[in-house]
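I am attaching a structure below and will ask some questions about it afterwards.
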Amino acid sequence: MDANGILQILLYVALIVALTPLAGGYMARLYEGKLTWLAWIERLVYRLCGTSADREQHWTGYALSLLAFNLVGALALYGLQRLQGWLPMNPAGMAAVPADLAFNTAVSFTTNTNWQAYGGETTMSYLTQMAGLSVQNFVSAATGMVVAVVLIRGFARQSARSVGNFTVDLTRTVLYLLLPICVVGALALVWLGVPQNLSPYIEATTLEGAKQVIAQGPVASQMMIKHLGTNGGGFFNVNAAHPYENPNAVTNLIHMVAIFVLGAGLTNTFGRMVGDTRQGWAILAAMGLLFLAGIGITAWADAAGNPALAALGVDQALSPWQAGGNMEGKEVRFGIALSALFATITTAASCGAVIAMHDSLMPLAGLAPMVNMMLGEVVVGGVGAGFYGMLIFVILSVFIAGLMVGRTPEYVGKKIEAREMKLAVIVILVFPIGILGLGALALLTGPEAITAPGPHGLSQLLYAYTSATANNGSAFAGFGANTVLHNTLLGLAMLLGRFMVIVPTLAIAGAVAAKKAVPPSSGTLPTHGWLFVGLLVSVVLVVGGLTFFPVIALGPVVEHLSLASGTLF
Amino acid sequence: MSVHRPQGLALFDHAILARAAIDAVKKLDPRQLVRNPVMFATALVAVVASVLTARGGEHLGVMIQISVWLWFTVLFANFAEAIAEGRGKAQAASLRKTKTEAAAKQVTSTDAATFQTIPAQRLRAGDLVVCEAGDVIPGDGDVVAGIATVDESAITGESAPVIRESGGDRSAVTGGTRVVSDRIVVQITVNPGESFLDRMITLVEGAKRQKTPNEIALTILLVGMTLIFLFVVATLPVFASYSGAVVPVVFLAALFVTLIPTTIGGLLSAIGIAGMDRLVKFNVIAKSGRAVEAAGDIDVLLLDKTGTITLGARQAAEFLPLAEVNERDLAEAAFLSSLADETPEGKSIVTLARTRFGLAEPDRGGMSFVPFTAQTRMSGVNMNGGSWGGVMTAVSEIRKGASDAITNYVAERSGRMPGGGPKELNQLVERVAKSGGTPLVVARDGRPLGVIHLKDIIKPGIRERFATLRAMGIKTVMVTGDNPLTAAAIAAEAGVDDFLAEATPEKKLELIREYQQGGRLVAMCGDGSNDAPALAQADVGVAMNTGTQAAREAGNMVDLESDPTKLIEIVMIGKQLLMSRGALTTFSIANDVAKYFAIIPALFLAAYPQLQALNVMHLASPQSAVLSAIIFNALIIIALIPLALKGVRYRPAGAEALLKRNLLVYGLGGLGVPFVGIKLIDLAVAALGLA
């Protein structure tokens, strides 16, 4: 990797840090109800839904509304896929999606995973893409946001019974946050060369005289929300590596910034709403350290190139004539640094969009994205989801460390007691269940989906179940996931990873909202300093590391060690 | 501030150790084990491993050893708990000795003139008993008639007998103490088996011990970790067999037990029992473990001024003569008038006059002393001529007393005022009052001479203790009946953060509620019946043993030595208890990293020889690696028993400093220690040819 690559990474980090307080401040105003410039649409929506905007819900009511909304969304998306052959806006004449794939996809998009066991341009009609997938891109992102906001309210409020109104929160998220940014962003993308049409596919004759079908469609509108909402479901099969999704360096930067901006901003929103922005910065700092470690490993491992090729005398050095390093599965226009950066961002943030094929990353370079997901997608994370996931780790850290300073643990004034612990433990159990439990079941029942021999084959399966449980959606593309078995199991993993985290999180929010706040003193564990940041990072790494060390050892680690010693499978 | 142990046992007493070894085996009873989920899981795994070993197979020698060490892990944890219980029981037994088979003289007539003798256990709350000189008081109760001196040394260790009388704040008596003189009628207030002693004994006995809130939360975390590792280990054979590795189940069992938090799981209840035990050593009896834990969370300490912050009595600090008067004359008059004054204040005036002017002892022959009465509110001396240092003294009349009493006296005598008249005197009086002192005016022959400044003496070292508390994040509030002016001055001098002046029990209760509304936890101590509501309201209420039964019922701790400054130690014991749990949890989790590096390469080496790179400790063989890890895991429990019993070192400091230190010691230490430990055990295992 050269200075140019490092500079691009630093530029990106600087942009996110600069945007955090802006996004955070805007969202704080939004969720404190101070933004009203679209009040007339809001009122219309509430009247249509029959909601009274000022009636707040207990966390249980909130959770029920959220689950019902997501259930209806998933059913609608399932129906749309199954019926698309008879519905309009289908110039390419796509047939009904098979039941298992439709289930998988419906779950995938409602859970903000956007795992795609299909190729977009060869499976989905324009109507399905627009009215189904894009709609879920918005509302699944908004679902994650509102859960985060409820948790923030839990910590910000005192002796409160209610945590907010789901309909209001969801509507305001879409209306004031996602839609405006996406409208502006999509227009910018169109201007930068991303297509936005409903035209039939174009048949082109290549220079060699071959015929090639070039897919078209309303790409730009889906691109913006795909990244902003950390959905990651590509319009095209190769996702953001496709020149229509990601034509140039500027669109690439827009995509990357969009992935992190809301997740990072939420830390600041949290700080503002609990009245101490340092708390937010501490969380962001912990995320930042993990992020930099991830990008460092990925970029270093890929830039080093493949020792097996080196042994054959292939020159993989960086030079003015070649990008150098391991360029398999990468776009030459993006190179090592940007591909590594994007791979780290997309897995850190539960997005899952890709500009390079993760299956082709060097073992350790592929390990870092996998670990990003195994840690629970808390390195900035999915919109909302990353923040509340990280707060679960904060609760664990505060509990262990809080005891060590001789007090009942507390965080931003709220005591962490048995109930919160119970709920947090349920959440951290999700990952072993989804990744190890369902992964082992899949390995026993459907090993034929694995296409690579040796430890890399295990990595493929592991990556798939990790990606699904973590609601990421990216894949080691070699894995043949589109079977009834894997569509079903991965669907379950996605549901587990989404709702078995959301419901306990809402319960925690309800529990802490009901508590009185303890004013801080010098006996209170400080949660805004570097000491705490270090502690939080350690807890995230230890909990994730201890859970997954054995399988990682059998997958990427062995693959790396073998490659280094010249053993191939 | 060192934690002193008035009647500490040696850390390991032989009798207790022997007893604990037997109890450790008894505690294998599943009904007892199930209370500790981590150890229960370990025991289940030990059963499975034993059964598999009995069926035989490859590596049988290692399998047998692993099974044995799995059982040792459970036994060591039981042993830790048994030792803590044994020590607690020994403490309780020394208290319980007093609960010998006392006979009770139950009152049978309304005037308490006649009684029948029955065994003490048959007494019920509400019964009246007579206790005469030489009798052991048969149960906790209140004196309803009479006054007696009682020897409470059996409970408090204080040899001087104390007065117990009906009514007032000294009416409570404790079962097992002995009446030294006189006769009292006691109303028994608790049924047998429910006294403080009985409750305390239950608290240190593991079987009946209730888990405290933090302990429950921590147990949930430990169960969660156990479940995680259950998934890790249970799914591992699938991933391993895909990779072409065959892992013996006994090795998996070893991996599981080394990973789950057995260290903290095994020591958790020992820590809790030892925490209660430390309180008992301080002669404080807690009614629940919850109260001890709450003590660590205290944000606000309410402390009575008298006896806690200041010495019980005020002391003369200086003589302030009027302009025309010589200071020595004032001192002489004060000295003479106080010679017969036996109050601490009076004695301190004599001492001050002596040290300032070297006054000699006069011949008391010609003096008649006038004692203090509530009517005159003055005391003094009438000099009828006599010798003092060889010189005959003139006939004169000296009085000292509160400013208004002396002013009246002077006006009555003559009204003749020296110097600036009453205005100057008033200024002196006011000056003393403003500085937090008590002014005493001295007059000789109807002529005011000046003012004695009686000062509340702040206990030595108390200011530093408050500074320590502040560093710990605890706010101190002084409660006093003084007027706000005086209170403010004393508060400033003692270094408390705030004060409640002109306090009444109602105001005190109000203040506690106010703090609690703001989310703070409040501790206080009290003795009088009128303290009972506040004691009950406070999160930690320490009742003095000398106090009333009502107060002792209302509080959640009783201090047998009746020393209010102990609140500070109680808070520290509470904090130390929580810290010990946190530190050992951190240590336990951090240990897992090294265990992985020992076991994972060992399990898969046959399938992937490349994994030798992860064998950073260079352990001799896969079998010895697994064996060494499980041995380390068992031995570390034994090694940490002393720490669990003593509690981690607690140095009062802010949370940041504590966290830094404990993370360094128990976090980084927990990462590093097992690497060294497992390597050393591996060397031994290899040398002995065990694997």
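Letters A, B, ... are given to chains in the order of the sequence lines, protein chains preceding strands, and every chain is numbered from 1.
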Region of B/Phe239 in contact with chain A, defined by heavy-atom distances below 4.5 Å: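 Contact with chain A: backbone and side chain both.
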task: Please determine which of B/Val648, B/Leu663, B/Thr585 meets the side chain to side chain contact (heavy atoms under 4.5 Å, CB included) test together with A/Met404.
output: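 One option only clears the test, and that one is B/Leu663.
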Side chain, backbone, both or neither of B/Gln516 within contact of chain A (heavy atoms, under 4.5 Å):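 Only the backbone of B/Gln516 comes within 4.5 Å of chain A.
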- request: Give the C-alpha distance, both sets of side-chain angles, the deciding distance and a yes or no for side-chain contact (heavy atoms from CB on, under 4.5 Å) between B/Asn214 and A/Leu403.
  value: CA-CA 9 Å; B/Asn214 267 312; A/Leu403 283 178; 4.1 Å; yes
query: Does A/Leu546 offer a backbone N or O that forms a donor-acceptor pair with the side chain of B/Tyr596 under 3.5 Å?
result: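 Flag set: sc B/Tyr596 to bb A/Leu546 pair under 3.5 Å.
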- request: Check whether B/Leu603 gets within reach of chain A through its side chain, its backbone, both or neither, counting any heavy atom under 4.5 Å.
  value: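 For B/Leu603, there is no contact with chain A at all, as no heavy atom is under 4.5 Å.
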Proximal component of A/Val557, with respect to chain B [non-hydrogen, under 4.5 Å]: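 Just its side chain gets close to chain B.
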field: Part of B/Leu218 lying under 4.5 Å from any heavy atom of chain A
entry: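 Interface part for B/Leu218: both.
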query: At a heavy-atom separation under 4.5 Å, does B/Arg470 approach chain A through its side chain, its backbone, both, or neither?
result: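 Contact with chain A involves the backbone of B/Arg470 alone.
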Residue selection (most heavy-atom pairs with chain B, distance under 4.5 Å) from A/Ser521, A/Ala517, A/Pro526: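 Ranked by contacts with chain B, first place is A/Pro526.
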task: Let me know if B/Ile600 has heavy atoms under 4.5 Å from chain A in its side chain, its backbone, both or neither.
output: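 Contact with chain A is through the side chain of B/Ile600 alone.
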message: Does B/Lys660, at its NZ atom, have more than 12 non-hydrogen atoms belonging to other residues, nucleotides or ligands within less than 6.0 Å?
response: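 Check fails, neighbour count at 12 or below.
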